[in-house]
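Counting starts at 1 for both ligands and their atoms, following the listed order.
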Amino acid sequence: MKSTLVFVLSAAAAFAQSQPDPNFKIHDWSRPRPPVVDPGTPGTLDQPGRPPSDATVLFDGKDLAAWCSLDGSAPKWIVKQGVMECVKGSGYLRTLQNFGDCQLHLEWAAPTPPQGESQGRGNSGVFLMGLYEVQVLDCFENQTYADGQAGAVYAQYPPLVNAARPPGQWQTYDIIFTRPRFEAGGKLLSPARATVLHNGVLVQNNVTLTGPTGWMSRDAYSPHAEKLPLSLQDHGNPVRYRNIWVRELTDAAQKEFTYPAAVLDRCVGDYQFEDGLKIGVSRTNAHLLMTIGVPRGHQHLLFAESPVKFFARDVDAHLIFQTNAHGVSGGVTFWIAGESRKGKKLLPPAR
Ligand code: MG
């Protein structure tokens, strides 16, 4: 009896996330209704559909404004006739915005006439969080290893079926991704999971990723941020993409971006407020770092909500920088614990 109870309790704990909310009765009329979303329209082979109204559109055929190269420089893929195309040797693209748990829709087409064999034919890839690849490959009458086919979680899970269309035809991916969770100390709490539909056909059914994907490797997880940019692979083939949109599934209210260092560096400096408080803003890799009370105050990592608006996760604080015509910051508004202050940038000491 006791062991049965333990089993039931541990099973309940394991599935705690999918239990009905105990705060509401069955058919509780007072329970808040879900937000209303215009679902958009489905696409056809000729014409992309319209995204849901709450989606973040990453590419709508016009430009690469939502993208950059991995090093933060301008993207080098080309946009023509409403589609974006990988340019051999130009490098991966990544989004400026960061994403964690998400629903991702994209459409891609392999080059026609097809060139190359196996992994050399129409190869690209969708890297969730820049680390976890759902393979893009021309798999129409093209033999390759199963865990490298289109729709594979690369080097981990072959697709359940090969639902490929011929090269040149538009194909869809709909991906539901759950990011891995890490404890504060970095220990893995729960691995990443992925569900993938290829041309509407289920090819990955909530599979559990073993870690980042890679050629000839199954690396273990390394702790990383809750949100990271999504990237598209340059594997040397002119694969085309259109109609890319994403819906954040958690933390959707707090948008977060990874901007090039040059954008962040505009905000770097010391700022002084009327009450005498000084804060320092420096940069560490892809983040700004705020020191409240320079030179020896507490440091807080800042996350970008826009090129001029940043927030901390560990304290309730955010900053909005005022930039001049050259985009260089001259002042800042600083909110912390419900109070706001306006500050001026201090000129660096003369040498
Ligand atoms: Mg690939």
- Query: Any luck finding a side-chain donor-acceptor pair between Arg121 and Asn237 under 3.5 Å?
  - Reply: no
- Message: I'd like to know if the side chain of Arg94 reaches the main chain of Leu232, judged simply by a donor and an acceptor atom lying under 3.5 Å from each other, with no hydrogens or angles considered.
- Response: no
- Item | Pair Gln299, Thr291: side-chain N/O donor-acceptor within cut-off below 3.5 Å | yes
- Ignoring waters, how many protein N/O/S atoms are under 2.8 Å from the Mg ion (ligand 1)? 5
- Message: Could you tell me if Thr258 and Asn98 have a donor-acceptor pair between their side chains, going purely by distance under 3.5 Å?
- Response: yes
- Message: Is it the case that the side chains of Tyr154 and Gln135 hold a donor-acceptor pair, with the cut-off being a distance below 3.5 Å and no angle test?
- Response: no
Below 3.5 Å, can you tabulate the donor-acceptor pairs from side chains in residues 76-88 to any protein atom, sequence neighbours excluded?
| from | atom 1 | to | atom 2 | distance (Å) |
| --- | --- | --- | --- | --- |
| Lys76 | NZ | Ser73 | OG | 3.2 |
| Trp77 | NE1 | Ser90 | OG | 3.2 |
| Trp77 | NE1 | Gly91 | O | 2.8 |

